[in-house]
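Only one structure is covered here, and it is reproduced in the block below.
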Amino acid sequence: MPSFGIMTAPMQAGYDDIRRVWQEADAIPEIEHAWLFDHLMPIAGDPDGPILEGWTLLSALAAQTSRLRLGLLVTSNRFRPPAVLAKIATTVDVVSGGRLDFGIGVGSRPGHPLARREYEAHGLPFHDAADATASLAEALTVIRRLWTEERPFDFGGAHVKLTGAFGNPKPVQRPGPPIVVGGRAKATLRVVAEHADLWNIPGGDLDDAVERSALLDRYCRDIGRDPAAITRSIHLPVSYERPGDTRKAIGAAAGAGFTHFVLGLPAPYPPGVARWVAEEVITAA
């Protein structure tokens with residue numbers, strides 16, 4: 001069955017407005033999940049405009065909702081050491097009562113200047129794509145072990161090195177929150193095949209998304225994994241003026257095998273926007 005959620009990028013909008021939308025959505029059963037993103041500076045609109053840190057905001061929203069599954073679409077693996085990220089994610093899963101979907105990806109693309117500038121502005125290293133993808137695979141291995149292993153362990157990877165690593169408490173969800181990996185690059189899709197429960201790709205070019213999904217199928221078969229074990233997720237923008245465009249995009253993506261839909265809501269958020277999305281986009285799709 002298809003699953004629908006909303007995304008409120010925490011930039012160019014205030015906390016009160018985002019909280020209002022999430023609390024509205026929490027009372028609407030047609031909306032099953034809600035998402036933020038993970039940037040430290042705006043990537044659209046006023047480059048010096050307001051933006052809130054994703055995981056901190058997610059924990060606050062988790063405490064003020066009761067039903068929605070929630071997550072970041074997706075966490076940049078470049079921002080936080082993976083053991084620290086495992087602890088942050090566990091905390092949100094505990095606060096939410098076991099509603100976290102753990103979204104993660106390689107991180108911002110080198111060719112996106114508005115995204116790349118946040119690394120220099122925050123003193124964060126920006127490695128090439130090959131290095132970042134290999135680091136993501138190690139990070140997911142470590143995060144899963146921190147969520148599940150009952151004894152401290154050491155890890156000596158090429159990118160991640162830990163001594164006496166141990167996670168306590170464990171996430172509410174066992175063996176851990178579902179892992180959502182976002183991205184479209186071939187190297188990332190190999191990480192998806194090995195580690196992910198859901199794969200997300202931005203909408204826009206459906207033909208490309210279908211080709212990438214078929215490639216993911218192949219990578220799954222290469223390692224002996226059933227491709228059907230990975231839910232296919234797609235992010236689609238919502239137009240308040242042309243909801244029919246979004247409905248049409250949902251129909252096309254559903255016909256191509258996507259079952260998990262994240263509907264991106266542009267700010268500012270009109271009053272009652274969650275109900276509007278449910279009635280004009282989801283139910284009518």
Whether [X] side chain and [Y] backbone form a donor-acceptor pair below 3.5 Å:
{"X": "Lys87", "Y": "Ala83", "answer": "no"}
{"X": "Asn77", "Y": "Gly105", "answer": "no"}
{"X": "Asp101", "Y": "Gly71", "answer": "no"}
{"X": "Lys170", "Y": "Gly167", "answer": "yes"}
{"X": "Glu32", "Y": "Ser3", "answer": "no"}
{"X": "Arg19", "Y": "Ala60", "answer": "no"}
{"X": "Arg212", "Y": "Ala185", "answer": "no"}

Same cluster (ILVMFWY, side-chain, under 4.5 Å), Trp35 and Val106: no
Is there a chain of hydrophobic side chains (I, L, V, M, F, W, Y, each step under 4.5 Å between heavy atoms) that links Val181 to Leu215? yes
Contact check, side chains of [X] and [Y], non-hydrogen atoms, under 4.5 Å:
{"X": "Leu85", "Y": "Thr75", "result": "yes"}
{"X": "Met7", "Y": "Leu263", "result": "no"}
{"X": "Phe102", "Y": "Pro178", "result": "no"}

Are His260 and His33, when compared by the centres of their aromatic rings, separated by less than 6.0 Å? yes
Is the shortest distance from a Lys or Arg side-chain nitrogen in Asp245 or Lys248 to a carboxylate oxygen in the other one below 4.0 Å? no
Under the side chain to side chain donor-acceptor pair (under 3.5 Å) rule, what do Arg69 and Ser96 come out as? Steps first, then yes or no, please. CA-CA 9 Å; Arg69 296 199 63 81; Ser96 69; over 6 Å; no
Can you check side chain to side chain donor-acceptor pair (under 3.5 Å) on Ser135 and Glu138, steps first, answer last? CA-CA 5 Å; Ser135 177; Glu138 287 190 12; over 6 Å; no
Cation-pi, Phe166 ring and Arg151 (6.0 angstrom, 45 degrees): no
If you draw the axis of the six-membered ring of Tyr269, does the NZ or CZ of Arg20 fall within 45° of it and under 6.0 Å from the ring centre? no
Check against side chain to side chain contact (heavy atoms under 4.5 Å, CB included), Ile31 and Ile282: CA-CA 8 Å; Ile31 300 175; Ile282 296 173; 3.9 Å; yes
Leu265 vs Val21, side chain to side chain contact (heavy atoms under 4.5 Å, CB included): CA-CA, chis, key distance, verdict: CA-CA 10 Å; Leu265 305 182; Val21 175; 4.1 Å; yes
Check the angle between the aromatic planes of Phe258 and Trp199 and answer parallel, tilted or perpendicular using the 30° and 60° thresholds. tilted
Listed once per pair and sorted, the side-chain hydrogen bond (donor to acceptor under 3.5 Å, both in side chains) pairs that draw on residues 184-195, sequence neighbours left out: Arg184-Asp208
Supply the atom-to-atom distance [X] [atom1] to [Y] [atom2], rounded to the nearest 0.5 angstrom.
{"X": "Ile250", "Y": "Ile234", "atom1": "CD1", "atom2": "CD1", "answer": "10.0 Å"}
{"X": "Leu162", "Y": "Leu146", "atom1": "CG", "atom2": "CG", "answer": "7.0 Å"}
{"X": "Glu53", "Y": "Leu57", "atom1": "CD", "atom2": "CG", "answer": "8.5 Å"}
{"X": "Leu52", "Y": "His39", "atom1": "CG", "atom2": "NE2", "answer": "14.0 Å"}

Under the salt bridge (charged side-chain N to carboxylate O under 4.0 Å, His left out) rule, what pairs show up with a residue in residues 35-52, not counting sequence neighbours? Asp38-Arg80
Between Leu58 and Leu72, is the side chain to side chain contact (heavy atoms under 4.5 Å, CB included) condition met? List the steps. CA-CA 8 Å; Leu58 188 67; Leu72 265 62; 3.5 Å; yes
With [X] via salt bridge (Lys or Arg N to Asp or Glu O under 4.0 Å) - residues at least two apart:
{"X": "Asp217", "result": "Arg232"}
{"X": "Glu150", "result": "Arg174"}
{"X": "Arg145", "result": "Glu149"}

Please test Thr246 against Tyr240 for side chain to side chain donor-acceptor pair (under 3.5 Å), starting from the C-alpha separation and ending with a verdict. CA-CA 10 Å; Thr246 309; Tyr240 299 138; over 6 Å; no
Residues at least two apart in sequence or cross-chain that pass side chain to side chain donor-acceptor pair (under 3.5 Å) with Thr231, listed by chain then number, are none
Apply side chain to side chain contact (heavy atoms under 4.5 Å, CB included) to Leu36 and Leu61, showing your working. CA-CA 10 Å; Leu36 305 170; Leu61 295 170; 4.1 Å; yes
State, to 0.1 Å, how close Val92 and Ser59 come at their nearest heavy-atom pair, and which atoms those are. CG2-CB, 4.0 Å
Between Ala253 and Phe261, what is the shortest heavy-atom contact and its length? CB-CE2, 3.8 Å
Flag if over 12 foreign heavy atoms under 6.0 Å of CD, Glu120: no
Asn200 and Ser233: side chain to side chain donor-acceptor pair (under 3.5 Å), yes or no, with the steps? CA-CA 4 Å; Asn200 178 268; Ser233 172; 2.8 Å; yes
